[in-house]
There are 2 protein chains.
Amino acid sequence: MLVANAVSRLPSRIPAAANDQARPGLSSLFSRQPVETFGRGETICRDGDPALHVFEVAAGIVRVAKVFSDGSRVIPGFFQPGEFFGTSPGERYLGDAEAIGEVKLRRLSRNGFRQAVDRCERLRPEFADWLCREMVSAQARTVLLACKNAEERVCDLLLALAPQVGGADGPARAIELSMSRVNMADYLGLTIETASRTMTNLIGCGAIRSAGWRS
Amino acid sequence: MLVANAVSRLPSRIPAAANDQARPGLSSLFSRQPVETFGRGETICRDGDPALHVFEVAAGIVRVAKVFSDGSRVIPGFFQPGEFFGTSPGERYLGDAEAIGEVKLRRLSRNGFRQAVDRCERLRPEFADWLCREMVSAQARTVLLACKNAEERVCDLLLALAPQVGGADGPARAIELSMSRVNMADYLGLTIETASRTMTNLIGCGAIRSAGWRS
DNA sequence: CGTATACTTGATCGTTATCAAGGCCTGTGG
DNA sequence: CCACAGGCCTTGATAACGATCAAGTATACG
């Protein structure tokens, strides 16, 4: 019921879902680039730095974070394999990008990326679609933060991280929970304690099962 | 101090600030269009409808809202004069757009707008900038909802609605508060009671003055 | 084996939501 | 002109949810 509730009010986080299928074009821009590997916790780019590169995630999860003078931290989003970051049209990065666990990336110069997209009739709408997905995702976060409780938030995240099954969504899905509680909490606008408690409750009521930090 | 605090953690809501100066290009696309007037509370377009038009706000404030089956409502954003909506690259509108008070708009067909932007070297980066501002704005909301208290939220909104003074920001700025408490609350992720109380407190401690629903 | 890091759990407090009532303004009809 | 209804806003009392403070327990790492 918990999960059902979360689903019913979850208009989106479609982004990840829609990704795998239809974006060979943009992705192909990166295919010639060498794969770079970043270790757990390494910073890929910094908030406010000139946005020189655009990245495609090949493996692992990238966390975007904004840190404030008072130490509080917000995670506007995560990027999963097949997604891009550094793409948002602006001169500077909109947050710190950091590797959660090991991450493999391909990069393109920003100018090269923009010119390629700018020139190609086929890529332009595709890039627009990507931006649109980012907008929808941002809006979903707004909804999540504006009017969902801790349980709904955690469910949302778990569903977003769940491998996107095409049609049949059997009840038994295993989620590689490759992020720490701190990341969960920052992303969901909760404290680690609350995130932890909520996870415990979800396990307690049978909504999820733990298998060594997995569900 | 309240206000100062709010300002220090407010990385953005720059959008409105940056608007008035540098966007004659996109705006000029609309200049030939007739002005349409919508009355207080009228719906301009609906969530999920095919996005047939792009709008420029000429006067008044437009509210974008998402309503859920359980009646709860979220306001992802407001659009002020000089801003555009319906532009986000996607087939459908991302929310209900409604007039707060009287609103004057110009509209362009979506296809016309996209083609014009697509064709023109000068408009493309300008449109990208606009999308970027929307992203920054969305991110600012995320921060606001994730880790600000009621007082900071209300201050943020007031500052966002404050007429953007170029250089000198004298302490005495009058804000046309053309929206109801309900709108404030939905935008800020608060209840109307809390919004009202917070306004009362701000008046009480001298941060703002009331002049018949103005500050 | 010991330290560090991350996670869990408990107790308490504070902020905000919720429920409830009352005040103010506007417009309408007698 | 007054009475009344309906919004919208304010204020109060109470309660719930999550933050905070504080141990305590796993797990990883050198």
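Values below: every heavy atom of this structure, side chains too, minus hydrogens, waters and symmetry copies. The sequence lines fix the lettering, A, B, ..., with proteins before strands; numbering per chain opens at 1.
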Grab the [atom1]-[atom2] distance between [X] and [N] for me, whole Å please.
X       : N       : atom1 : atom2 : answer
N201(B) : dT10(D) : CG    : C1'   : 12 Å
M199(A) : dT9(C)  : CE    : C1'   : 16 Å
R197(B) : dC9(D)  : CZ    : C1'   : 12 Å
L190(A) : dA16(D) : CG    : P     : 20 Å
M184(A) : dT8(C)  : CE    : C1'   : 13 Å
R181(A) : dA28(D) : CZ    : P     : 14 Å
K148(A) : dG18(D) : NZ    : P     : 14 Å
R40(B)  : dG27(C) : CZ    : P     : 10 Å

Just by modelled atom types, is the I192(A) backbone N or O under 3.5 Å from a matching donor or acceptor in the S196(A) side chain?
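Absent.
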H53(B) side chain to R107(B) side chain, donor-acceptor N/O pair below 3.5 angstrom
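H53(B) vs R107(B): donor-acceptor pair found between side chains.
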For I192(A), which contact category applies under a 4.0 Å heavy-atom criterion: base, sugar-phosphate, or nothing?
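Counting heavy atoms under 4.0 Å across all strands, no contact is made by I192(A).
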So G41(A), base contact, sugar-phosphate only, or nothing? Heavy-atom distance under 4.0 Å.
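Nothing: the residue G41(A), judged by heavy atoms under 4.0 Å, touches no strand.
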Any side-chain heavy-atom pair of V103(A) and I61(A) under 4.5 Å
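No, side chains not in contact.
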Within the 6.0 Å centroid threshold, strictly below: F127(A) and F113(A):
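Yes - the distance between ring centres of F127(A) and F113(A) falls below the 6.0 Å cut-off.
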N149(A), nearest nucleotide to its side chain (from dA6(C), dT11(D), dG18(D))
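When the side chain of N149(A) is considered, dG18(D) is the closest of dA6(C), dT11(D), dG18(D).
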Nearest of dC7(C), dC9(D), dT10(D) to any side-chain atom of V182(B)?
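The nucleotide sitting nearest to the side chain is dC9(D).
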Counting just side-chain N and O atoms, does [X] come under 4.0 Å of either OP1 or OP2 of [N]?
X       : N       : result
S196(A) : dT8(C)  : yes
T191(A) : dA19(D) : yes
S180(B) : dC8(D)  : no

Quick one: does E193(A) reach the base of dC21(D) with a side-chain donor-acceptor pair under 3.5 Å?
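Yes, a donor-acceptor pair under 3.5 Å.
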I need the single residue from F78(A), F55(A), Y93(A) that forms a ring pair (Phe, Tyr, Trp, His ring centres under 6.0 Å) with F85(A). Which is it?
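Passing option: F55(A).
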